[in-house]
Amino acid sequence: MSDESRRSLTVAITGASGALYAVRTVAALLEQAFHVELVVSDFGRRLLMEELSVSADRLLPHLIETYGATVECGSLRLHSNKDLGAGIASGSHGCDGMVIVPCSMKTLAGGAPGLSRTLIERAADVMLKERRPLVVVPRETPMSLPQLRNMVACAEAGAMVLPAMPAFYQGPRTLDDLADFMAGKIVSALGFAHQLYPPWTG
């Protein structure tokens, strides 16, 4: 199956702590045969190295080694955050949704007013103007009033704000279990089913 004929989603990784959430989300999408358009900011690249000792350019082999061959059901294209001419910078590009995970406060502040200074900001703005799903996963604590207002601005613009707050009702035993929960929440928010954690049954 060609990249063009696959369901396509954009994943952006920025410089807030939580690289494990990002890579688990990418792996979960690839396992479901999505084409992933990946954009990693400069600080996102640093985050991947500091928290997981993996470079953005070597992310796919890392995912296959960590999560298994099912990751190869999908496909991945890595973009430069400086490339405002990339396909995902245009509303005519057939992208079904986008998640920024983790979402730094800097990226949140830039995305709320639609500044479009980077590919991440521009792709997010495209999702909003085309009324496609945009999920932002902020990872910060505590939060200042300007940060809270930026989250409200994103929600008012049409994004879903999904803070990196894993639950514990599913009985997690490892960090990977918590990453599964957040990735599952993200996949659900984008409008797709998953089996990353058992649903609450009451």
Side-chain angles (χ1 to χ4, degrees), residues 8-83 86 88 97-108 110-111 118-121 123-124 134-141 161-168 170-190 192 194-197:
S8 178
L9 292 166
T10 297
V11 178
I13 303 174
T14 66
S17 184
L20 187 59
Y21 298 143
V23 298
R24 188 62 186 102
T25 299
V26 173
L29 294 173
L30 293 175
E31 288 166 349
Q32 292 199 38
F34 281 95
H35 172 63
V36 174
E37 305 273 9
L38 180 66
V39 192
V40 187
S41 72
D42 288 344
F43 283 106
R45 288 173 179 269
R46 180 173 173 178
L47 174 78
L48 289 171
M49 285 301 301
E50 290 185 349
E51 294 190 355
L52 298 176
S53 299
V54 61
S55 70
D57 297 322
R58 296 288 300 165
L59 184 58
L60 186 56
H62 171 80
L63 294 175
I64 295 170
E65 179 181 348
T66 304
Y67 299 106
T70 54
V71 170
E72 297 182 276
C73 292
S75 60
L76 184 146
R77 179 185 297 140
L78 177 63
H79 297 277
S80 166
N81 197 28
K82 299 179 177 66
D83 184 10
I88 57 175
M98 177 178 180
V99 58
I100 307 174
V101 55
C103 183
S104 69
M105 294 299 102
K106 176 182 177 181
T107 303
L108 188 75
T118 65
L119 181 56
I120 292 174
E121 290 180 1
L134 171 63
V135 180
V136 295
V137 186
R139 211 302 312 159
E140 184 65 88
T141 189
V161 180
L162 198 161
M165 296 178 180
F168 292 85
Q170 76 279 21
R173 296 179 181 273
T174 67
L175 290 177
D176 287 333
D177 291 338
L178 297 177
D180 284 351
F181 180 85
M182 287 308 307
K185 282 290 186 181
I186 290 166
V187 173
S188 290
L190 290 168
F192 301 98
H194 69 86
Q195 296 181 334
L196 290 164
Y197 63 86

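Numbers here simply count residues along the sequence, with the first being 1. The figures that follow rest on heavy atoms only: side chains count, while hydrogens, waters and symmetry mates do not.
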Between Arg139 and Cys103, does a side-chain contact (heavy atoms from CB on, under 4.5 Å) hold up when you go through it step by step? CA-CA 6 Å; Arg139 211 302 312 159; Cys103 183; over 6 Å; no
Sequence neighbours excluded, the answer for side-chain hydrogen bond (donor to acceptor under 3.5 Å, both in side chains) partners of Glu51 is Ser17
Looking at Ala19 and Leu52, what are the two nearest heavy atoms and their distance? CB-CD1, 3.8 Å
Charged N to carboxylate O below 4.0 Å: is that the case for Asp180 and Lys185? no
Rounded to the nearest 0.5 Å, how far does CD1 of Ile100 lie from CG of Leu134? 5.5 Å
Would you sort out whether Arg24 and Glu31 count as a salt bridge (charged side-chain N to carboxylate O under 4.0 Å, His left out), showing the intermediate values? CA-CA 10 Å; Arg24 188 62 186 102; Glu31 288 166 349; 3.6 Å; yes
Should Ser41 and Ile120 count as side-chain neighbours, where that means a heavy-atom distance under 4.5 Å? yes
Can you see which heavy atom on Tyr21 is nearest to which on Ala164, and at what distance? CE1-CB, 3.7 Å
Extract all donor-acceptor atom pairs below 3.5 Å that involve side chains of residues 59-70 and protein atoms in other chains or at least two apart in sequence.
residue : atom : partner : partner atom : Å
Thr66   : OG1  : His62   : O            : 2.8

Could you go through the side-chain contact (heavy atoms from CB on, under 4.5 Å) check for Phe168 and Phe181 one step at a time? CA-CA 9 Å; Phe168 292 85; Phe181 180 85; over 6 Å; no
Which heavy-atom pair separates Ala22 from Val101 by the least distance, and what is that distance? CB-O, 3.1 Å
Apply side-chain hydrogen bond (donor to acceptor under 3.5 Å, both in side chains) to Glu37 and list each qualifying residue two or more places apart in sequence or on a separate chain. His35, Arg77, His79, His93
